[in-house]
Amino acid sequence: MPESPSISVEPMGVAESVGLGLWGISWRIQNLGASDLGISETWLPHGRFRAGRQSMEPPLRVEPGQEVTLTFEVACQEEPRTIVENAFLILIADWQGEPWRLLARLAIDWSEAAEPQPRTELITSQRVGFAAAEPT
């Protein structure tokens with residue numbers, strides 16, 4: 001069984017408003033592993049911090065030690081000083097010939113000016129289909 005992929009996920013500053021309740025938000029994703037990472041799908045599924053699925057064909061290739069920037073139009077709107085917890089940035093990626101789900105758990109702090117300021121709390125990974133039932 002291959003080891004798990006390793007990435008860092010860093011929010012890139014304060015988001016820019018692109019419309020009422022829509023924010024353009026970017027993250028820097030760095031491949032900390034020893035093998036190429038091929039990102040094929042991304043999304044933010046939280047009800048209060050949501051961006052639809054984005055598919056990449058061909059997959060976005062990130063070599064070891066390299067980084068890419070991913071930008072989303074995120075639907076979210078909260079009062080100043082609100083904290084939204086347990087949001088996720090989800091990546092589906094090929095790593096060492098296997099599909100992996102990479103999950104960055106986020107918290108979003110809302111500034112005094114009612115701007116979302118995401119922060120990464122934890123990054124985990126799991127092989128896609130790891131919990132699938134064995135055929136009988």
Side-chain angles (χ1 to χ4, degrees):
M1 179 165 109
E3 61 186 74
S4 299
S6 180
I7 62 170
S8 68
V9 176
E10 179 185 346
M12 298 184 59
V14 176
E16 291 186 28
S17 176
V18 294
L20 184 60
L22 271 181
W23 298 83
I25 303 178
S26 298
W27 281 267
R28 180 180 299 123
I29 312 297
Q30 183 176 18
N31 180 357
L32 303 175
S35 299
D36 287 357
L37 190 67
I39 301 171
S40 59
E41 195 170 3
T42 63
W43 71 100
L44 295 144
H46 194 280
R48 293 169 57 196
F49 195 76
R50 175 177 299 280
R53 290 180 187 247
Q54 296 180 30
S55 293
M56 291 133 188
E57 189 56 45
L60 181 60
R61 184 172 171 235
V62 189
E63 295 180 18
Q66 298 299 307
E67 58 188 42
V68 294
T69 300
L70 298 176
T71 302
F72 300 85
E73 282 192 5
V74 181
C76 58
Q77 189 168 353
E78 298 291 335
E79 295 295 318
R81 296 180 303 280
T82 299
I83 299 173
V84 174
E85 296 179 329
N86 291 320
F88 283 90
L89 168 59
I90 301 174
L91 310 174
I92 301 295
D94 182 77
W95 192 75
Q96 295 187 349
E98 297 281 336
W100 286 81
R101 184 174 293 114
L102 308 170
L103 301 109
R105 188 176 73 203
L106 310 170
I108 296 78
D109 301 311
W110 289 80
S111 71
E112 290 289 329
E115 295 176 331
Q117 298 178 331
R119 57 187 157 87
T120 303
E121 295 192 316
L122 179 69
I123 299 170
T124 58
S125 61
Q126 56 189 234
R127 275 194 323 215
V128 172
F130 83 101
E134 291 290 321
T136 56

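The analysis underlying the following values was restricted to heavy atoms, covering all of them including side chains, and did not include hydrogens, waters or symmetry mates.
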Rounded distance [0.5 Å steps], [atom1] in [X] versus [atom2] in [Y]:
X: Leu106; Y: Ile123; atom1: CG; atom2: CD1; answer: 9.0 Å
X: Asp36; Y: Arg61; atom1: CG; atom2: CZ; answer: 4.0 Å
X: Asp109; Y: Arg119; atom1: CG; atom2: CZ; answer: 4.0 Å
X: Leu70; Y: Ile29; atom1: CG; atom2: CD1; answer: 5.0 Å
X: Glu85; Y: Phe49; atom1: CD; atom2: CZ; answer: 13.5 Å
X: Gln77; Y: Leu20; atom1: CD; atom2: CG; answer: 5.0 Å

Salt bridge or not for Arg81 and Glu79, using N-O below 4.0 Å?
-> no
Without hydrogens or angle criteria, can the side chains of Ser111 and Gln117 be said to hold a donor-acceptor pair below 3.5 Å?
-> no
Got a sec, which pairs hit side chain to side chain donor-acceptor pair (under 3.5 Å) with one end in residues 44-54, sequence neighbours left out?
-> Glu41-Arg53, Arg48-Glu78
List the atom of [X], the atom of [Y], and the distance in Å for their closest heavy-atom pair.
X: Leu44; Y: Phe72; value: CD1-CG, 3.7 Å
X: Pro5; Y: Ser125; value: O-OG, 3.9 Å
X: Ser17; Y: Trp23; value: N-CE3, 3.5 Å
X: Ser26; Y: Thr71; value: OG-OG1, 2.6 Å
X: Ala87; Y: Ile108; value: CB-CD1, 3.6 Å
X: Ile90; Y: Arg101; value: CG2-CG, 3.9 Å

Distance-only check: which donor-acceptor pairs under 3.5 Å involve side-chain atoms of residues 6-16, not counting sequence neighbours?
from	atom 1	to	atom 2	distance (Å)
Glu10	OE1	Arg28	NH1	3.1
Glu10	OE2	Arg28	NH1	3.2

Side-chain contact, heavy-atom cut-off 4.5 Å: [X] with [Y]?
X: Arg127; Y: Trp95; answer: no
X: Gln30; Y: Leu32; answer: yes
X: Asn31; Y: Glu63; answer: no
X: Cys76; Y: Val84; answer: no
X: Leu60; Y: Val68; answer: yes
X: Leu37; Y: Leu102; answer: yes
X: Asn86; Y: Arg105; answer: yes

In terms of hydrophobic clusters joined by side-chain contacts under 4.5 Å, are Leu89 and Leu22 together?
-> no
